[in-house]
Structures are given as structure tokens and as C-alpha cells.
Amino acid sequence: MSVSGFCVKLFHVKTELTSSPGRAARFIKAGGIVAFPTETVYGLGADVFNAKAIAKIFEAKRRPADNPLIAHVGELGQIDKLAAEVPDAARRLFESFFPGPLTVVLKKTVRVPTIATAGLDTIGIRMPSGKLAREFLAACGTPVAAPSANLSGRPSPTTWQAVFEDLDGRVECILQGGATDIGLESTVVDCTGERPAVLRPGSVSIEELQSIVPEIGSHQDNRPSAPRSPGMRHKHYAPRARVIVAASPAEIADAGNAAYIGIEMPSDNVAKMLICSSAEEYAREIFAFFRECDRAGIGTIYCQRVEEKGIGAALMDRLNRAESR
Ligand code: TXA
Ligand code: MG
């Protein structure tokens with residue numbers, strides 16, 4: 001298959017499972033691709049400056065070539081290698097939220113190969129806070145370009161087993177950590193326009209962002225001129241089962257082959273259900289629940305609507321996308 005001019009043949013590779021970040025980093029240094037845990041979801045990484053290795057990511061995930069990757073840094077000093085300019089708003093975001101579940105889009109340097117950014121002259125930069133991610137990035141010694149480690153269109157993986165389910169035989173190594181803490185992908189903020197704007201909601205909420213940079217626009221602002229996150233055009237986060245976002249647990253029909261996830265108990269019996277004690281827990285569990293339902297052959301998954309504040313905004317974004325697929 002040809003991705004942006006690179007011919008990559010990914011034969012069935014042996015996927016090594018390891019819990020050693022140093023061992024996983026050796027694959028990156030050798031031009032391989034490695035799935036690794038972060039505090040949000042598992043990522044599928046390659047050396048950001050190695051265009052051939054990055055082409056393998058697109059091939060392994062079957063990711064559309066027009067969807068740019070996020071560069072993960074282990075230390076703030078690496079940002080200068082990636083970003084041509086760092087506006088004041090971005091600097092304030094780094095100070096407040098790095099390391100953490102926030103991606104900041106900036107103008108890229110010429111050193112970053114365009115395959116990593118899907119031809120854009122900008123690059124998303126994030127410094128994960130997960131312990132294993134930080135040890136892995138330190139051992140790599142280079143920024144690591146990484147999308148979520150799922151097959152394109154599938155729910156993002158929150159366990160190494162979910163990565164294995166999608167990518168066994170397609171990646172050189174999986175760094176095995178526990179289940180991820182947050183369960184939804186990072187908040188993406190574009191800092192290249194006149195006014196910074198959220199492109200994808202995540203666990204750093206709009207309220208938290210605006211407390212540091214008041215002028216940040218929310219992802220719901222209707223601004224046709226605003227830059228879009230290319231990934232948001234693609235189908236995402238969807239299980240094979242039909243997803244219905246329900247305002248109340250009383251909406252459940254077809255309960256025979258249905259599943260339910262929410263905060264309140266459903267009124268009907270369902271084949272599978274998960275009651276969460278908070279929106280945070282709901283967010284942490286949703287993708288694993290989608291995958292579990294698919295394995296169990298569930299036909300319809302009812303997901304209770306939550307209030308769109310804090311992580312609830314990101315959770316509702318993912319649920320709405322899964323429903324409208
Ligand atoms: O939490 C996360 O962000 C996870 C972990 C692994 O870090 N990564 C992740 O990557 O979710 P991915 O590729 O699945 O989603 C990246 C999103 C996509 O919607 C993509 O279009 C957007 O970020 N993005 C990346 N670079 C961009 C850029 N230069 N301009 C606009 N949007 C960008
Ligand atoms: Mg993804």
C-alpha cells in the first residue's frame with residue numbers, strides 16, 4: 001500500500017508483549033511501531049522524525065492518510081524541535097496542563113515530516129502524564145508520533161488486551177500497562193488561529209482551559225472559519241452494535257439483545273449492563289464496554305445521556321459520534 005509516497009509492506013510481524021519501557025523503546029529506535037499506555041488511551045507510536053516508521057502506523061491502523069498524528073514529548077525541551085512558534089496562550093497551557101491530557105496544535109518546524117501531519121503545516125503536541133508513558137518516552141529520547149492504538153473506526157483501546165485484539169501481528173511491540181485512568185482521548189486545542197479553539201473535547205474541560213486562557217473558544221462555537229480537526233470528520237469510537245443515546249433509562253426497548261450503560265439503573269432487564277457511580281467512571285469504562293458488547297454479540301447499546309459539563313462534554317461528544325455512525 002502506498003501512503004503519501006512511501007511503499008510499505010507490513011507482513012505479518014511477530015508482536016512482542018513486554019512490560020519494560022526500555023525494551024519497548026528499542027523498537028522505536030530501530031524504526032518500529034509500538035503500542036504504549038498513556039493516561040487517556042493506548043497510543044501507537046513511532047519516531048516522529050522517521051517518515052518510514054510513521055507510514056507503518058497508517059498501514060497498521062488502516063488510518064486514512066488525511067488524519068494527522070499527535071507528537072508525544074517526554075520533556076518540554078523537545079517542543080522546540082516540533083513547533084516553529086509558541087504563542088503566549090500555548091505557553092500558558094503548557095505551564096498549567098503539561099504533563100496531562102491536553103494536545104496543543106502549533107505551526108510545525110520543517111524537520112517534522114509531512115506524513116506525520118497529513119500534509120498540514122501544523123502539529124499537535126502532547127506530554128502524557130502516565131508513569132509508563134513517561135518512562136517509555138524518556139527511553140525513546142525522541143518525540144513519538146502516536147494516534148490511538150485501535151484499528152481505524154473502532155473504539156480507542158483502554159487496555160493492552162484491546163490493543164492486542166486489533167493489532168496483534170500488525171505492530172512490533174505492545175508495552176503492557178494497566179487499564180488507562182481517563183479512558184477518553186485528550187482535549188485538542190488549536191493555537192494557530194487568531195483565537196485559540198477547542199477542536200476535540202477531552203478531560204481537560206473548557207471551564208479549566210478558560211480559567212487559564214479566557215479567550216479559548218469551545219468546540220461547539222459555530223465558527224465556520226475555525227480550523228477543523230481532520231480526525232473529527234472520520235467515523236470514530238463506534239462498536240459494531242447500534243448505539244442509542246437515551247435521555248432516560250426508561251427509553252429502553254428490544255431488551256432481549258440489548259445492553260445498557262449509565263449512571264441510573266435501567267427500568268427493563270437487559271442482557272448486559274454497567275452502572276457507573278460518576279461521569280468520570282462512565283468515561284473510563286465506555287470504550288471497554290463497547291468492545292465487550294461486540295464480543296457478546298449485543299445488537300443495541302443504550303447509553304444514558306449525561307450533563308455536558310466537565311468530562312461529560314467529552315463523553316457526550318463520543319456517544320453522539322458512536323450513535324450517528
Ligand atoms: O489522548 C490522546 O490524544 C491519544 C493518546 C494516544 O495520546 N491520541 C489520540 O490520537 O487520540 P488520535 O490520532 O486518535 O486523535 C488525534 C486527533 C484527531 O482528531 C486529529 O485529527 C487531531 O487530533 N489532530 C492531530 N493533529 C492535528 C493538527 N495538526 N491539526 C488539527 N487536528 C489535529
Ligand atoms: Mg483515534
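Just follow the structure's listing: the first ligand is 1, and inside any ligand the first atom is 1.
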Ser19 side chain near Trp160 side chain, heavy-atom distance below 4.5 Å
no

Contact region, Asn67 to ligand 1, non-hydrogen atoms below 4.0 Å, reads side chain

Note: ligand 1 atoms sitting under 4.0 Å from heavy atoms of Gly43 are 6 (C)

Is there a polar contact, in the sense of an N or O pair closer than 3.5 Å, between Glu185 and ligand 1?
no

- Item | Side-chain H-bond candidate by donor/acceptor type, Thr40 with Thr38, under 3.5 Å | yes

Checking heavy atoms under 4.0 Å, the part of Arg63 that sits near ligand 1 is side chain

Student check: side-chain heavy atoms of Ile311 and Tyr282 closer than 4.5 Å: no

Distance-only side-chain donor-acceptor flag, Glu16 / Thr18, under 3.5 Å: no

For Arg200, the ligand 1 atoms with a heavy-atom partner under 4.0 Å come out as 2 (C), 3 (O), 9 (C), 11 (O), 15 (O), 16 (C), 17 (C)

Under 4.5 Å between any side-chain heavy atoms of Asp294 and Arg154, yes or no? yes

Counting heavy atoms under 4.0 Å, the part of Ile123 that contacts ligand 1 is backbone

With heavy atoms and a 4.0 Å threshold, my read on which part of Thr122 contacts ligand 1 is both

**Request:** Please state whether the separation between the Mg ion (ligand 2) and some N/O/S atom of Ser148 is under 2.8 Å?
**Result:** yes

For this session: Please confirm whether Leu199 comes under 4.0 Å of ligand 1, counting heavy atoms of the residue only.
Result: yes

field: salt bridge (charged side-chain N to carboxylate O under 4.0 Å, His left out) assessment of Glu323 paired with Arg305
entry: CA-CA 12 Å; Glu323 181 180 47; Arg305 188 180 296 286; 5.7 Å; no

Contact check: Lys61 vs ligand 1, nitrogen or oxygen atoms, below 3.5 angstrom:
no

Quick note on ligand 1: atoms under 4.0 Å from a heavy atom of Thr40 include exactly 1 (O), 2 (C), 4 (C), 5 (C)

Checking heavy-atom distances from atom 33 (C) of ligand 1 to each of Pro68, Ser203, Ala133, Gly130, the winner is Pro68

| Counting only N and O atoms by type, is there a donor-acceptor contact under 3.5 Å from the side chain of Arg291 to the main-chain atoms of Pro155? | yes

For His72, the atoms of ligand 1 under 4.0 Å from one of its heavy atoms are 5 (C), 6 (C), 7 (O)

- Message: In the structure I gave you, are the side-chain heavy atoms of Asp181 and Arg284 within less than 4.5 Å of one another anywhere?
- Response: no

Result for side-chain contact (heavy atoms from CB on, under 4.5 Å) between Asn150 and one of Thr158, Leu167, Asp166, Val163 points to Asp166

Under 4.0 Å from one or more heavy atoms of Pro147, ligand 1 contributes atoms 10 (O), 12 (P), 13 (O)

